[in-house]
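Reading through the structure tokens given below for one structure.
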Amino acid sequence: MRVLVTGAQGQVGYELLQRVPRGFNVIGYNSRELDISDRAQVQEVLARVKPQLLINAAAYTAVDKAESEVERAYKVNRDGVTHLALAAEALGIPLLHISTDYVFSGDNDTAYKPDDATAPSGVYGLSKLAGEQQLQQHCSRHVILRTSWVFGAHGNNFVKTMLRLGRDRDELAVVADQRGCPTSAGSIADTLWTLAAIFQRDGALKWGLYHYCGAPACTWHDFADEIFSQALALGLLEKRPRLKAITTAEYPTPAKRPASSVLDCQTLEQAHGLVPRIWAGELQRVLEQLEKVASEA
Ligand SMILES: NC(=O)c1ccc[n+]([C@@H]2O[C@H](COP(=O)([O-])OP(=O)(O)OC[C@H]3O[C@@H](n4cnc5c(N)ncnc54)[C@H](OP(=O)(O)O)[C@@H]3O)[C@@H](O)[C@H]2O)c1
């Protein structure tokens, strides 16, 4: 089965290309090779490549910058998805797409289910929600996978920021009143490939909106604590920085973040048998990869 992957240089896109299962012929395009915000280019590339399945890992993901680059965020996250959805529908191919926990306000005490009310608090979440709606409107066979707190060995993320700051500083202040679910880019890629394999085998999928993230839920402070424990054990850090727990109010950012964006992944398990992975184990694999790269350098 021929699959076209957009955003192939991003965290998830990169892992998708690293983990191609047998039986798939995958063509990955980075943002220079295929700009999803360019409608004519999307149509031209899809018509030429003629994929049987499209996976969109491209997105504008700069949450804080989006507050001042509103037009750019919508151009990619809403209009880019519209172009892909229309082209996929015209060619009769399904589209697997990734969205975010930031479509929710974060005011819930319990985990968010896919059909819970959305209320994004920033431009990034609003633009991603607009993309979901465009996809639902224009492409009959689609899966939207909302995920959260993505980390991996490739690209920029919280794990790499903590490692860098942990080497430079004796003390770090990390927010301890926001809860969410760290999710490895590799586990998202594997989940998308499992869905692709079901589609390849059955010619169909239970299309729709699902949640997929790591388990269990934690705070950024808990996540940083585990990063430092594992990094020390692997020799990626020489000393453990002191971790200070702070509130969101003490760490102001241009974009407001949800206080609790824990996602309930049950419907994905019921429909497709996919279960969340323990993020600490995924973290260990990512840190081992980073340690290998560091020791080879
Ligand atoms: N990162 C997170 O914590 C997080 C959390 C929840 C959900 N998600 C969602 O998960 C998905 C994957 O995110 P990620 O972490 O892999 O993001 P990422 O590392 O920022 O990768 C996104 C990729 O999209 C590319 N891109 C940007 N604009 C594009 C355009 N107009 N046309 C084609 N490609 C374009 C970027 O290329 P350039 O770098 O060249 O611009 C980048 O390689 C996204 O849908 C994101 O919204 C992410």
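The structure presented is a predicted model; accordingly, all values stated were derived computationally and were not measured. Remember, it's 1-based here, ligands and their atoms both numbered in the order they're listed.
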Using distance alone, decide if ligand 1 has a nitrogen or oxygen within less than 3.5 Å of any nitrogen or oxygen in K128. yes
Minimum-distance pair of heavy atoms, taken over all atoms of G166 and L237: C-CD2, 3.9 Å
Would S148 count as a contact residue for ligand 1, given that I'm defining contact as a non-hydrogen atom of the residue lying under 4.0 Å from a ligand atom? yes
Can a side-chain donor-acceptor contact be found between T247 and D177 if the only test is distance below 3.5 angstrom? no
for atom 32 (N) of ligand 1, nearest protein heavy atom and its distance come out as I36 N, 2.9 Å
What's the shortest distance from atom 13 (O) of ligand 1 to any protein heavy atom, and which residue and atom give it? T61 CG2, 4.0 Å
Among all protein non-hydrogen atoms, which one is nearest to atom 10 (O) of ligand 1, and what is the separation to 0.1 Å? I98 CG2, 3.3 Å
Are R2 and K50 side-chain neighbours, meaning at least one heavy-atom pair lies under 4.5 Å? yes
For atom 4 (C) of ligand 1, what is the closest protein heavy atom, and at what distance to 0.1 Å? V150 CG2, 3.3 Å
Give me the nearest non-hydrogen protein atom to atom 42 (C) of ligand 1 as residue plus atom name, then the distance to 0.1 Å. G10 CA, 4.0 Å
Could you see which bit of Y14 sits under 4.0 Å from ligand 1, with heavy atoms only: side chain, backbone, both or neither? neither
Is it true that F223 and W279 have ring centroids separated by less than 6.0 Å? yes
Below 4.0 Å from ligand 1: does a non-hydrogen atom of Y124 turn up there or not? yes
Of the non-hydrogen atoms in R141 and G203, which two are nearest, and what is the gap between them? NH1-O, 4.2 Å
Quick one: nearest non-hydrogen protein atom to atom 16 (O) of ligand 1, plus distance? V12 N, 2.9 Å
Taking only non-hydrogen atoms of A58 and a 4.0 Å limit, the atoms of ligand 1 in range are 24 (O), 33 (C), 34 (N), 35 (C)
Examine the proximity of ligand 1 to L34 and report which part, side chain or backbone, both or neither, has a heavy atom under 4.0 Å away. backbone
Protein heavy atom under 4.0 angstrom of atom 39 (O) of ligand 1, is there one? no
Among all protein heavy atoms in this structure, tell me which lies nearest to atom 28 (N) of ligand 1, with the distance rounded to 0.1 Å. V76 CG1, 3.7 Å
Quick check: Q11 and ligand 1, any N/O pair under 3.5 Å apart? yes
Could you tell me whether S31 approaches ligand 1 through its side chain, its backbone, both or neither, with non-hydrogen atoms closer than 4.0 Å? both
Mind checking whether W149 contacts ligand 1 via backbone (N, CA, C, O), side chain (CB onward), both or neither, at a 4.0 Å heavy-atom cut-off? backbone
Do V26 and I198 sit in one hydrophobic cluster, given that two such residues count as connected whenever their side-chain heavy atoms are within less than 4.5 Å of each other, even indirectly? yes
Between D264 (side chain) and Q266 (backbone), is there a donor-acceptor pair under 3.5 Å? yes
Heavy-atom nearest pair, H211 first then R146, reads NE2-NH1, 3.0 Å
Through direct or indirect side-chain contacts below 4.5 angstrom among Ile, Leu, Val, Met, Phe, Trp and Tyr, which residues connect to Y112? V103, F104, L129, L263
Are F158 and W149 close enough that their ring centers fall under 6.0 Å? no
Single-linkage hydrophobic cluster, 4.5 Å side-chain cutoff, L234 and F151 together: yes
For ligand 1, which part of R146 has a heavy atom less than 4.0 Å away: the side chain, the backbone, both, or neither? neither
Do me a favour and list the nearest non-hydrogen protein atom to atom 36 (C) of ligand 1 with residue, atom name and distance? A59 O, 4.3 Å
Can you tell which part of D35 has a heavy atom less than 4.0 Å from ligand 1: side chain, backbone, both or neither? both
Under 6.0 Å between ring centres, would you say that holds for F199 and W207? yes
Nearest atoms (heavy-atom pairs only) where D35 meets Q41: N-OE1, 3.1 Å
Measure S99 to ligand 1 on non-hydrogen atoms and call it side chain, backbone, both or neither using the 4.0 Å cut-off. backbone
